[in-house]
Amino acid sequence: QVQLVESGGGLVQPGESLRLSCSASVRIRSISAMGWYRQAPGKERELVASITSDGSTKYADSVKGRFTISRDNAKNTWTLQMNILKPEDTAVYYCNAEVIDILRRRYDYWGQGTQVTVSS
């Protein structure tokens, strides 16, 4: 069983920064991809950023140049550094772990969610 625990989030003003962290109960080398999603009221959950076990990253166009995803294999964690935050970044953020088993079936595990609010 993969359990994810998030930390971070909060209320900030536009232009400020936040750092979200996700800790996994397993070695992240066992996870094919680690990511961050967000969901704003009335909208579908969307991918913000992801990083694979080999270090490849992907970002939503709306956050490129502002957000950075990274991982720490020793600590079994991954982090989303969010800079120059905008009101449109306001959402509940969820960390995600994608696991592919030996039968090539995909499983997604989710953190509990943390609120990020950007407002003046």
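Computed over heavy atoms, backbone and side chain alike; hydrogens, waters and symmetry mates excluded.
Here the straight-line distance linking atom CH2 of Trp36 with atom OG1 of Thr114 works out to 7.5 Å at 0.5 Å rounding. Rounding to the nearest 0.5 angstrom, the gap separating the CG atom in Leu85 from the OG atom in Ser119 is 12.0 Å. Taking CD of Gln81 as the reference point, atom CZ of Arg66 lies at 12.0 Å (rounded to 0.5 Å). Taking SG of Cys22 as the reference point, atom CZ of Arg71 lies at 14.5 Å (rounded to 0.5 Å).
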One pair to check against side-chain contact (heavy atoms from CB on, under 4.5 Å): Arg38 and Glu46. What are the steps and the verdict? CA-CA 6 Å; Arg38 67 186 180 190; Glu46 64 175 348; 3.0 Å; yes

Please evaluate residues Thr68 and Tyr59 with respect to the criterion side-chain contact (heavy atoms from CB on, under 4.5 Å), reporting the C-alpha separation (whole Å), side-chain torsions for both, the decisive distance (0.1 Å), and the verdict. CA-CA 8 Å; Thr68 303; Tyr59 296 93; 3.8 Å; yes

Run Ile31 and Val26 through side-chain contact (heavy atoms from CB on, under 4.5 Å) and show every step you take. CA-CA 8 Å; Ile31 301 172; Val26 298; 4.1 Å; yes

Kindly indicate, with the supporting measurements, whether the criterion side-chain hydrogen bond (donor to acceptor under 3.5 Å, both in side chains) is fulfilled by Gln115 and Thr117. CA-CA 6 Å; Gln115 178 71 44; Thr117 302; 3.2 Å; yes

Under the criterion side-chain contact (heavy atoms from CB on, under 4.5 Å), I'd like the reasoning laid out for Met34 against Asn96: C-alpha separation, chi angles, the key distance, then a yes or no. CA-CA 6 Å; Met34 296 137 278; Asn96 165 264; over 6 Å; no

Going through the distances and angles, do Tyr37 and Trp110 end up as a ring pair (Phe, Tyr, Trp, His ring centres under 6.0 Å)? CA-CA 10 Å; Tyr37 288 70; Trp110 298 93; 5.0 Å; yes

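Leu80 approaches Ala49 most closely through the heavy-atom pair CD1-CB, 4.0 Å. Closest heavy-atom contact between Ser50 and Leu47: CB-CD1, 4.1 Å. Closest heavy-atom contact between Tyr109 and Val2: CD2-O, 3.4 Å. Nearest heavy atom pair, residue Trp78 against residue Gly35, reads NE1-O, 3.3 Å.
The pair Arg106-Asp101 does not meet the salt-bridge criterion, since no charged nitrogen lies less than 4.0 angstrom from a carboxylate oxygen. Ion pair Asp89/Lys86 not flagged as a salt bridge, since none of the NZ, NE, NH1 or NH2 atoms sits closer than 4.0 Å to an Asp/Glu carboxylate oxygen.
Taking hydrophobic clusters as Ile, Leu, Val, Met, Phe, Trp and Tyr residues chained together by side-chain heavy-atom distances below 4.5 Å, Val99 shares a cluster with Ile51.
Under a cut-off of 6.0 angstrom, the local environment of CG in Leu103 is crowded, with over 12 non-hydrogen atoms contributed by other residues, nucleotides or ligands. Heavy-atom contacts from other residues, nucleotides or ligands closer than 6.0 Å to CD of Glu44 number 12 or fewer.
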List the atom pairs, donor and acceptor, that lie under 3.5 Å between side-chain atoms in residues 7-18 and the rest of the protein, sequence neighbours left out.
| unit_1 | atom_1 | unit_2 | atom_2 | d |
| --- | --- | --- | --- | --- |
| Glu16 | OE1 | Gln13 | N | 2.9 |
| Ser17 | OG | Asn83 | OD1 | 2.9 |

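For Gln112 (side chain) and Glu6 (main-chain N/O), a donor-acceptor pair under 3.5 Å exists by modelled atom type. Side-chain atoms of Thr77 do not come within 3.5 Å of backbone N or O of Ser23 as any donor-acceptor pair.
A cation-pi contact, defined as under 6.0 Å to the ring centre and within 45° of the axis, links Arg45 to Tyr94.
Tested against Met82 for a side-chain contact (heavy atoms from CB on, under 4.5 Å), the candidates Leu20, Val63, Val48 yield a single pass: Leu20.
There is a side-chain donor-acceptor pair under 3.5 Å between Ser32 and Glu98.
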